[in-house]
Amino acid sequence: MCRSEDQRDASDCKGPLRQVTSTLVSSLNPQQREAVTTVNGPLLIIAGAGSGKTRVITHRVAYLIVECNVPASSIFAVTFTNKAAEEMKHRIFALIKLPSRTPLAIATFHSLCATILRSEAHKVDLSNRFLICDEADQLTLIKECCKLLKLTPDDVNPRHIRWIINQAKIQMLGPSELDGFAPARQSDLYAQLYELYQRKLRENDAVDFEDLILYVVRLFESDSATLTTYQNRYRYLLVDEYQDTNLLQYRLVKALAASHRNICVVGDEDQSIYSWRGAKLSNLMDFQKIFPDARLIRLEQNYRSTQNILAAAAHLIKNNMQRFGKRLWTERQNGHPLMLIIGATERDEAMLVVEAIERLHSQEQISYSQMAIFYRQNSLSRNFEDHLRARNIPYQVIGGIRFYDRAEIKDLIAYLKVVANPNASLSLQRVLNKPRRGIGERTLQQVSDFAHAHNLTLYHALHQCCQDARLPAAAIKKINAFLDQLVHWQERSKQRNPRQLLDAILEDTGYIESFGNENSLEVLIKKDNVQELQNAMQQYLQEHPLASLEHYLEMVSLATHIDEFDEQEEGVALMTLHCAKGLEFRVVFIVGMEEPIFPNRRAIEDTGDIEEERRLFYVGMTRAKDRVFLSRADSRMAFGRVQWNVPSIFLRELPTELVKELDDEEFTWVKNAREARRAHGTSGGCTKALDPSRHTAPLSITLGQRVRHPSLGDGTVVAVRGEGDALIISIQLDSGQQHDVLTKHAQIEHIT
DNA sequence: CGTTAGCTTCTTTTT
DNA sequence: GAAGCTAACG
């Protein structure tokens, strides 16, 4: 088993040490054990949903370190999210005794590459202070490029350009190789934009997400000395979620593995859901062609779900062609059938789902944090949030607007970026006049024209313009004042930690005061966000006491939605199906099971293939331990219009005997909803003309109406949603707060 | 110079 | 129905 290729390989895992930690593998099933102890040479692990994959990975790392005497620093393990990486490290540390702070290269491709790039920056013509652009920054930059090329939104769509550039980078194509990518008529234009964009990035001393990996791959493929260094450093490679790796990531792994071939990949073809981001299922499917001597181990025992859930999932996924094929089995009982919930409108759907959640909580004592709502697109979360809030059920939404994408937070992060690297023109531009310091658009335009003409960064152009007195004296004075402040912060950041720097910036700029002192909800939220940033930073610094400003900024740039998810927090989790990958809950609700949404029409149009959508559904279902609820609505608001939706084809692909429509006997509250659907004219699923009166609130409550709530007090109605029993009104209270009220429960009085 | 009203687009998913 | 952008106004 332990084929020894050179003396640094783990040849001694045959030795007597093996018994010492035999407890490490004794709790594993035979396949898992084989997956953990097959340490040398290429290995392909096909790990079905719930088959103990994380367990295998953590045990494998522990086994390498303890049993095979592999230094922890020789292991390079790639996970799909930073959260998964943190959890794995945590579990490894719990498994074996390691000095705390043992450096373990377990992270995402992007994080690992960022670290490599930091130390090799000079070889790719970056400074080691380079910054990472997120997608919003990319867009800003592209828009700037469009302006420079005198293009209007009618000529090109910046978002499309971004998409083309990203795709090109994943395929390792340069500006001149866009044939077949960009629209044929405009391929020259796209090439020009791509090139300019890349130049601008360099001027900013910045890279985008794709560059992080691309630069490292290019470096490895062109500089064999550097590659050898890293091949020697990382002797054992492990890649999780291999079905979702793209060409770039494959090339990176291939390069690193070339010398020692100790490469273990873990994946599941049925859970590949990122092809739109360039992931190639063929990386997994063809692994044995690329490494003909690769061992294949299948993990097919599922430790998570009931028999019924697995049977339904298996039945569904059989419809896919691109598979190895596998048979998941479990020792668990049949359990409940899958439940189908149908609402007349999306509000009814949400109401029924929330009611089910409430019952499961109160009648079956299932904690809220053991329940999750999954949807195909973020926009569906809203209705469920509204109903959960109205019922006082705790919940957390993962996704939507990321914390670090909120305007206030972006402003402050931009300040930090400018301090870390004044050449970050993008960030400098953002904060130059925020809060207002009288450096307006005209001035900025003049300086950036000057910068462009003389090939200077904005920062240097500002200096130059002031020195040469190219601007009105008043402007120069203001710019100089700002530049002085910047110098002051830079000094400060050398002596103090990032948190203290942030405080200094807040104080010196009067940023919070610039919100104004009115006590509107908006201002309060902004202030709250700033506070939250301070807290988050504090916490980060506690966990990473040695972190520099650059480290902190890198973490912020690479933070993801799911990283914000707190499993400890009591509350129902709301997230997209994509975010749900790798998680598990006792009860899972998959909502919005309707045709244009799920399977998503645009996704099918893009790929010409429904299989990935089906896998997405498969991923969702297999997150559930005990129960799966599926829901849909007959009609749904989209783009401000009512749309009549067709039930998802996936509902028909489930075995009928395992799906039960929620009925009155089991859940009495369903009866009202049944009647509502009948009245709505859609209970048979057929489409009848919509009676518009059914979608408007009773006349007695109108927008702007003054009302009195028994406990909340007086206020003005600012929004009316829902109908009948589900009628919800938002009241802007005279105390300044806004509250949603379910009129069914509250005695609302009119006042004048 | 800064604000706002009205227009457009947007919803697929995210490292 | 919201957010982001332009154009026109104060």
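Keep in mind that the numbers below use all heavy atoms, side chains included, and drop hydrogens, waters and symmetry copies. Each chain gets a letter, A, B and so on, in the order its sequence line appears, and its residues count up from 1.
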Sequence neighbours excluded, the answer for side chain to side chain contact (heavy atoms under 4.5 Å, CB included) partners of A:Q377 is A:S379, A:L380, A:I597, A:N600
Answer yes or no on whether A:R277 is positioned over the face of A:Y274, meaning its NZ or CZ is under 6.0 Å from the six-membered ring centre and within 45° of the axis.
yes
Write down the protein N/O and nucleotide N/O pairs, taken from nucleotides 10-12 of chain B, whose separation is under 3.5 Å; answer none if there are no such pairs.
| from | atom 1 | to | atom 2 | distance (Å) |
| --- | --- | --- | --- | --- |
| B:dT11 | O2 | A:Q377 | NE2 | 3.1 |
| B:dT11 | O2 | A:S379 | OG | 3.1 |
| B:dT12 | OP1 | A:R602 | NE | 2.6 |
| B:dT12 | OP1 | A:R602 | NH1 | 2.1 |
| B:dT12 | OP1 | A:R602 | NH2 | 3.1 |
| B:dT12 | O2 | A:R376 | NH1 | 3.2 |
| B:dT12 | O2 | A:R376 | NH2 | 2.4 |
| B:dT12 | O4 | A:D606 | OD2 | 2.3 |

Base, sugar-phosphate, or nothing: which does A:K581 touch, judged by heavy atoms less than 4.0 Å apart?
nothing
Please determine whether ring-ring contact (aromatic ring centres under 6.0 Å, His included) holds for the pair A:Y540 and A:H551, giving the CA-CA distance in whole Å, both sets of side-chain angles, and the decisive distance to 0.1 Å.
CA-CA 10 Å; A:Y540 178 81; A:H551 282 124; 8.4 Å; no
Side chain to side chain contact (heavy atoms under 4.5 Å, CB included) with A:D566: which residues, sequence neighbours excluded?
A:Q396, A:Q568, A:E569
Within the 6.0 Å centroid threshold, strictly below: A:Y552 and A:H544:
no
For nucleotides 7-10 of chain C, which of its nitrogen or oxygen atoms have a protein nitrogen or oxygen under 3.5 Å away, and what is each distance?
none

Which residues satisfy the ring pair (Phe, Tyr, Trp, His ring centres under 6.0 Å) test with A:F450, sequence neighbours excluded?
A:H454
Hey, can you pull the residues of residues 133-141 of chain A with a non-hydrogen atom under 4.0 angstrom from DNA chain B?
A:E135
Determine the interatomic distance between P on C:dG4 and the same-named atom on B:dT13; round to the nearest Å.
15 Å
Taking the C1' atom in each of B:dT12 and C:dC5, what is the distance between them to the nearest angstrom?
23 Å
With sequence neighbours excluded, tell me which residues meet ring pair (Phe, Tyr, Trp, His ring centres under 6.0 Å) with A:Y618.
none
Salt-bridge test for A:E550 and A:R118: reply yes if a basic N is under 4.0 Å from a carboxylate O, no otherwise.
no
Across all chains, not counting sequence neighbours, the ring pair (Phe, Tyr, Trp, His ring centres under 6.0 Å) partners of A:F617 are A:F598, A:F650
Minimum heavy-atom distance between A:A424 and A:N204, given as atom pair plus value
C-OD1, 3.4 Å
Hey, can you pull the residues of residues 105-113 of chain A with a non-hydrogen atom under 4.0 angstrom from DNA chain B?
A:T108, A:H110
Could you state the NZ-C1' distance from A:K147 to C:dC5, rounded to the nearest angstrom?
11 Å
Going by side chain to side chain contact (heavy atoms under 4.5 Å, CB included), name the residues that satisfy it together with A:H90, two or more places apart in sequence or in a different chain.
none
Residues which pass ring pair (Phe, Tyr, Trp, His ring centres under 6.0 Å) with A:F109, listed by chain and number, not counting sequence neighbours:
none
Please list each protein N or O that sits under 3.5 Å from an N or O in nucleotides 3-6 of chain B, with the distance.
| from | atom 1 | to | atom 2 | distance (Å) |
| --- | --- | --- | --- | --- |
| B:dT3 | OP1 | A:R436 | NH1 | 3.2 |
| B:dT3 | OP2 | A:R436 | NH1 | 3.0 |

Residue pair A:A47 / A:D268: nearest heavy atoms and the distance that separates them
O-CB, 3.3 Å
Check whether any side-chain nitrogen or oxygen of A:T560 sits under 4.0 Å from OP1 or OP2 of B:dT15, and answer yes or no.
yes
Out of the candidates A:Y375, A:F80, A:W276, only one should pair with A:H578 under the ring-ring contact (aromatic ring centres under 6.0 Å, His included) rule; please name it.
A:W276
